[in-house]
> 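Before I ask anything, let me first share the structure, which is written out below as structure tokens.
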There are 2 protein chains.
Amino acid sequence: MPDKRVTIKDVAAHAGVSLATASRALSGTRPMSEELRSRVMASAAELNYQVNLLGRALRQQRHPVVGLSVPDLENPFFASLTEHMSRTMRAAGFELLVSSAGGSVEAEAEGVRAFLGRQVHAVVIIACDEAQSAETVQFASSKALTIQFDRRVEGAPATFVGCDNRYGMDLIAEHILTTAPPAKEVIFVGAGAKSSSARERLQGFEQHFPGARTMLGTFSLAWGITAAEQLIAEGTHNATLVAAADIIALGLISGLRSHGIRVPEDFRVIGFDGIGPAAFAHPPLTTVRQPVEDMCASILDLVRADSNDLDPGASSPHGKQVLHYEPKLVCGT
Amino acid sequence: MPDKRVTIKDVAAHAGVSLATASRALSGTRPMSEELRSRVMASAAELNYQVNLLGRALRQQRHPVVGLSVPDLENPFFASLTEHMSRTMRAAGFELLVSSAGGSVEAEAEGVRAFLGRQVHAVVIIACDEAQSAETVQFASSKALTIQFDRRVEGAPATFVGCDNRYGMDLIAEHILTTAPPAKEVIFVGAGAKSSSARERLQGFEQHFPGARTMLGTFSLAWGITAAEQLIAEGTHNATLVAAADIIALGLISGLRSHGIRVPEDFRVIGFDGIGPAAFAHPPLTTVRQPVEDMCASILDLVRADSNDLDPGASSPHGKQVLHYEPKLVCGT
DNA sequence: ATGAAAGCGCTAACAC
DNA sequence: GTGTTAGCGCTTTCAT
């Protein structure tokens with residue numbers, strides 16, 4: 001049964017001091033006599049006092065809260081990004097609000113609106129849809145520091161932090177060309193062009209393998225399985241499959257093996273992202289690992305820079321920046 | 001570049017009405033002339049006005065926000081629970097705040113404190129540690145409606161919503177005894193007793209297979225792989241492995257197969273939870289699926305009941321309740 | 001139907 | 001070093 005609400009007023013009364021003194025004691029922002037301070041702290045503890053951050057934020061006109069919008073937490077890559085962001089922000093004294101769009105742009109918009117209504121210091125958004133999320137990113141940018149993460153939308157004036165997908169494909173192409181039998185067919189199993197990452201990876205692939213076959217679905221295990229079955233039904237043998245994401249690659253492997261096809265003997269499968277389970281696959285998946293830690297650190301820097309910006313909009317260039325991080329090849333096979 | 005802050009005062013001034021009128025027009029809480037209302041709405045739109053939820057919450061002394069604390073988002077079962085909670089709450093008009101503890105009870109405590117400071121209507125917590133999280137649950141209970149989800153701590157006066165782990169083990173035992181060759185050794189691969197779910201599943205197993213071997217690690221893919229390697233190193237052949245979670249089961253399969261061992265021919269593996277990837281394994285993992293949707297709906301009911309409770313603590317019994325949901329066997333093999 | 005004003009909990013000027 | 005007070009943005013009596 002929750003306590004009756006206890007405010008700083010109650011603490012002050014209990015300690016026999018003024019509100020200001022109680023506030024100063026609790027936030028430790030001003031020097032004061034040790035005797036009073038400890039008396040206030042004792043009262044606070046006794047009354048089970050907990051600061052009301054709403055009141056504080058309203059008064060201070062700022063609070064250390066960052067909102068993160070992700071497309072879908074069932075996708076392990078996004079779950080991992082969220083976990084890393086959570087750690088990074090917490091360590092730096094920022095609270096992280098998370099909203100999962102569950103694949104819906106409407107839900108995404110609603111989540112971001114809620115962030116802004118809650119006066120978050122910054123919005124970090126992994127956009128659901130390259131086209132349809134643009135409005136949401138635009139809107140967020142008009143209200144708070146907004147950072148696009150991993151996926152970019154068209155023409156929004158918000159800084160982007162993500163990995164260099166083209167370069168990642170360069171690494172994969174190089175790996176294939178230096179290790180695979182040249183006769184082997186190379187097939188791209190990607191996702192529809194609803195996100196910049198899907199598009200860039202596809203384009204990167206096409207640049208290296210012009211005319212090669214491409215199959216597009218969604219970033220999901222299910223699509224990988226479906227694609228595998230399609231390939232089997234068509235009688236495809238012995239190909240190198242380049243997946244646009246580890247989750248698709250794992251689906252491919254699962255789908256191939258369930259039909260008795262050997263990986264990597266019959267089919268070779270290569271992933272992208274570097275999620276945990278990829279390393280544990282049998283054999284370990286060859287993939288391109290995104291430098292998630294570096295990207296999170298970069299976002300923190302941006303948030304901090306804006307935080308220190310006492311004259312907002314003056315010194316810091318709020319223009320669009322693009323911060324690309326280099327992924328690294330992780331050879332499994 | 002963010003706008004200068006625009007408040008309801010600006011809207012009122014722009015529309016040439018009082019603050020009260022502007023507020024009523026925007027929240028639609030009172031009847032008023034259509035002409036004024038539309039004028040206010042137009043001004044709000046023109047000024048790109050966005051309500052400040054901090055001010056509203058402070059004034060109303062409540063807001064429709066629920067905090068969810070999870071142990072670790074890299075665990076796909078928790079990611080899935082989070083995704084489901086997000087959908088459920090959003091659909092019901094509640095905003096969901098998510099905090100991931102990343103396995104640390106300190107981080108968990110910090111996250112929950114932040115929730116409470118933010119005056120959340122309810123706290124839903126999947127406790128990290130059966131013993132060490134007790135204090136945090138206790139504390140949350142003293143400040144807001146608190147619901148324990150999936151994992152329970154010792155002696156906290158907070159309602160619990162989760163699946164009936166003992167019953168789940170009954171189902172698994174029955175399945176094994178009716179389908180496996182009796183000679184096959186049965187081994188439990190679980191997690192240390194840091195959570196109630198780990199403990200209950202272990203106890204459920206021991207009840208059906210007294211004296212059977214048990215191996216305890218963590219709820220992770222890595223532990224499943226390690227356990228598999230340990231079994232192989234010992235020369236174990238042909239056993240039925242009961243994993244305490246799908247994620248462990250998937251690790252076991254991966255570990256076994258990487259040494260050329262066939263599943264399910266040589267070893268049979270059974271999981272628990274019913275996460276998505278389990279269904280896509282090859283062959284599909286036999287597991288016990290938790291009724292996640294029902295559990296989320298149940299939590300929503302509890303939150304709503306408390307929400308409607310205008311005289312808090314009077315009608316609703318804020319005592320400890322235990323709501324068990326029945327898992328269902330999903331046969332993969 | 002509309003406006004004036006109080007006040008949610010908190011902190012930061014400003015007095016003393 | 002401590003107290004008094006204004007006010008952050010909002011809703012909601014209470015008047016009119």
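To find a chain, count down the sequence lines: A is the first, B the second, and so on, and within it residues start at 1.
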> Quick one: salt bridge (charged side-chain N to carboxylate O under 4.0 Å, His left out) partners of B:E110, sequence neighbours excluded?
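For B:E110 there are no salt bridge (charged side-chain N to carboxylate O under 4.0 Å, His left out) partners, ignoring immediate neighbours.
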
> Taking 4.0 Å as the cut-off, does a side-chain nitrogen or oxygen of B:Q61 come that near to OP1 or OP2 on C:dG9?
yes

> Kindly say whether B:V17 contributes a backbone atom to a donor-acceptor pair with the side chain of B:T21 at under 3.5 angstrom?
no

> Give me each pair satisfying salt bridge (Lys or Arg N to Asp or Glu O under 4.0 Å) with a member in residues 54-64 of chain A, each pair once, sequence neighbours excluded.
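Checked against salt bridge (Lys or Arg N to Asp or Glu O under 4.0 Å) - neighbours excluded - no pair reaches residues 54-64 of chain A.
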
> Count the heavy atoms of every other residue, nucleotide or ligand shown that sit under 6.0 Å from CD of A:E135, and state whether that count exceeds 12.
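No - once you tally the heavy atoms of other residues, nucleotides and ligands closer than 6.0 Å, there are 12 at most.
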
> Using a 4.0 Å cut-off on heavy atoms, which residues in residues 13-26 of chain B reach DNA chain D? List them by number, or say none.
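Result for residues 13-26 of chain B: B:A20, B:S23, B:R24, sorted by number.
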
> Find the bend of the helix from C:dA1-D:dT16 to C:dC16-D:dG1 as the angle between its two terminal axes (five pairs each), to the nearest 10°.
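Between the axes fitted at each end of the helix from C:dA1-D:dT16 to C:dC16-D:dG1 lies an angle of 40°.
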
> To the nearest Å, give me how far apart CZ (B:R62) and P (D:dT11) are.
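B:R62 atom CZ is separated from D:dT11 atom P by 11 Å.
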
> In whole angstrom, give the distance that lies between atom NZ of B:K9 and atom P of D:dT11.
15 Å

> Ignoring hydrogens and angles, tell me if any N or O in the side chain of B:Q148 forms a donor-acceptor pair with the backbone of B:T159 under 3.5 Å.
no

> Can you name the residues that form a salt bridge (charged side-chain N to carboxylate O under 4.0 Å, His left out) with A:E34, not counting sequence neighbours?
none

> Would you say that B:V65 contacts B:H121 through its side chain, given a criterion of any heavy-atom pair below 4.5 Å between the two side chains?
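Counting from C-beta outward, B:V65 and B:H121 never come under 4.5 Å.
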
> Can you find a pair of side-chain heavy atoms, one from B:M32 and one from B:R37, that are under 4.5 Å apart?
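Touching, per the 4.5 Å side-chain cut-off.
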
> Closest approach of B:V40 and B:A15, non-hydrogen atoms and distance?
CA-CB, 4.0 Å

> With a 4.0 Å limit, can you tell me whether B:Q60 has a side-chain N or O closer than that to the phosphate oxygens OP1/OP2 of D:dC10?
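No, outside the criterion.
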
> D:dG3 C1' sits how many Å from A:I8 CD1, rounded?
14 Å

> If I take atom CG in residue B:L54 and atom P in nucleotide D:dG9, what distance separates them, rounded to the nearest angstrom?
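After rounding, the gap between these two atoms is 11 Å.
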
> Going by number, which of residues 33-41 of chain A have a non-hydrogen atom under 4.0 Å from DNA chain D?
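Contacting residues: A:S33, A:L36.
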
> Given atom OH of B:Y49 and atom P of D:dG9, what is their separation to the nearest angstrom?
10 Å

> Could you tell me whether the side chain of B:R90 and the main chain of A:S100 form a donor-acceptor pair under 3.5 Å?
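Yes: the side chain of B:R90 pairs with the backbone of A:S100.
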
> Please work out whether the ring planes of A:H324 and A:F160 are parallel, tilted or perpendicular, with thresholds of 30° and 60°.
perpendicular

> Are OP1 or OP2 of C:dT11 and a side-chain N or O of A:R56 less than 4.0 angstrom apart?
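For C:dT11, OP1/OP2 do have a side-chain N/O of A:R56 under 4.0 Å.
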
> Just how far, in rounded Å, is C1' of D:dC8 from CG of B:N52?
9 Å

> Could you check how far CD of B:Q119 sits from P of C:dG9, rounded to whole Å?
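Going from B:Q119 (CD) to C:dG9 (P), I get 9 Å.
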
> How many whole angstroms separate atom NE2 of A:H63 from atom P of D:dG9?
13 Å

> Main chain of B:E130, side chain of B:S133: is a donor-acceptor contact present, judged purely on distance under 3.5 Å?
no

> Which listed nucleotide (D:dC10, C:dC10, D:dG9) is nearest to the side chain of A:L58?
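For the A:L58 side chain, the nearest candidate turns out to be D:dG9.
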
